[in-house]
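Report on one structure; see the data block that follows.
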Amino acid sequence: MKKEEFKKGQSVVVTTKKDDILGTISGIYTNICTFETEYSVDYLKDGKIWTMIGVPSREIHLV
């Protein structure tokens, strides 16, 4: 099992199919099927806070 690459509260950019999303790491979890670390990322959309769950570390970059 790998160490955590990101810490809770860090500002990050998540790469999606459509564009890049600026957000903050809100949770760190281990996928029990693959044993890979996955993250929850909070971001602002239309004036509301949304959360992406199950984001793999390969799609996340520091700001």
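Every heavy atom of this structure was used, including side-chain atoms; hydrogens, water molecules and symmetry mates were not. These figures come from a predicted structure and were not determined experimentally.
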Other cluster members, Tyr29 - Ile/Leu/Val/Met/Phe/Trp/Tyr, side-chain contacts below 4.5 Å: none
Members besides Ile53 in its Ile/Leu/Val/Met/Phe/Trp/Tyr cluster (side-chain heavy atoms under 4.5 Å): none
Separation between OG of Ser57 and CD of Glu38, rounded to the nearest 0.5 Å: 9.0 Å
Please report the interatomic distance CD(Gln10) to OG(Ser26), rounded to the nearest 0.5 Å. 12.5 Å
Looking only at side chains, do Thr24 and Asp42 share a donor and an acceptor under 3.5 Å apart? no
Using side-chain heavy atoms (C-beta onward) and a distance below 4.5 Å, is Glu36 in contact with Arg58? yes
Can you tell me if Asn31 uses its side chain to pair, donor with acceptor, with the backbone of Cys33 under 3.5 Å? yes
Could you tell me whether a side-chain N or O of Trp50 sits under 3.5 Å from a main-chain N or O of Lys45, the two making a donor and an acceptor? yes
Using the rule given for side chain to side chain contact (heavy atoms under 4.5 Å, CB included), can you reason through Thr51 versus Val41, listing the C-alpha separation, both sets of side-chain angles and the distance that settles it, and then say yes or no? CA-CA 5 Å; Thr51 302; Val41 178; over 6 Å; no
Following the transitive rule for hydrophobic clusters with a side-chain heavy-atom cut-off under 4.5 Å over Ile, Leu, Val, Met, Phe, Trp and Tyr, establish whether [X] and [Y] coincide in one cluster.
X: Val63; Y: Ile49; value: no
X: Leu62; Y: Ile60; value: yes
X: Ile21; Y: Val13; value: no

Give the intermediate values and the outcome of side chain to side chain contact (heavy atoms under 4.5 Å, CB included) for residues Thr15 and His61. CA-CA 8 Å; Thr15 303; His61 307 285; 3.6 Å; yes
Quick check: closest heavy atoms across [X] and [Y], and the distance to 0.1 Å?
X: Asp20; Y: Thr16; result: OD1-N, 4.5 Å
X: Phe6; Y: Tyr39; result: N-OH, 3.5 Å
X: Tyr43; Y: Met52; result: CE2-CG, 3.5 Å

Run the side chain to side chain donor-acceptor pair (under 3.5 Å) test against Glu59 and tell me which residues pass, sequence neighbours left out. none
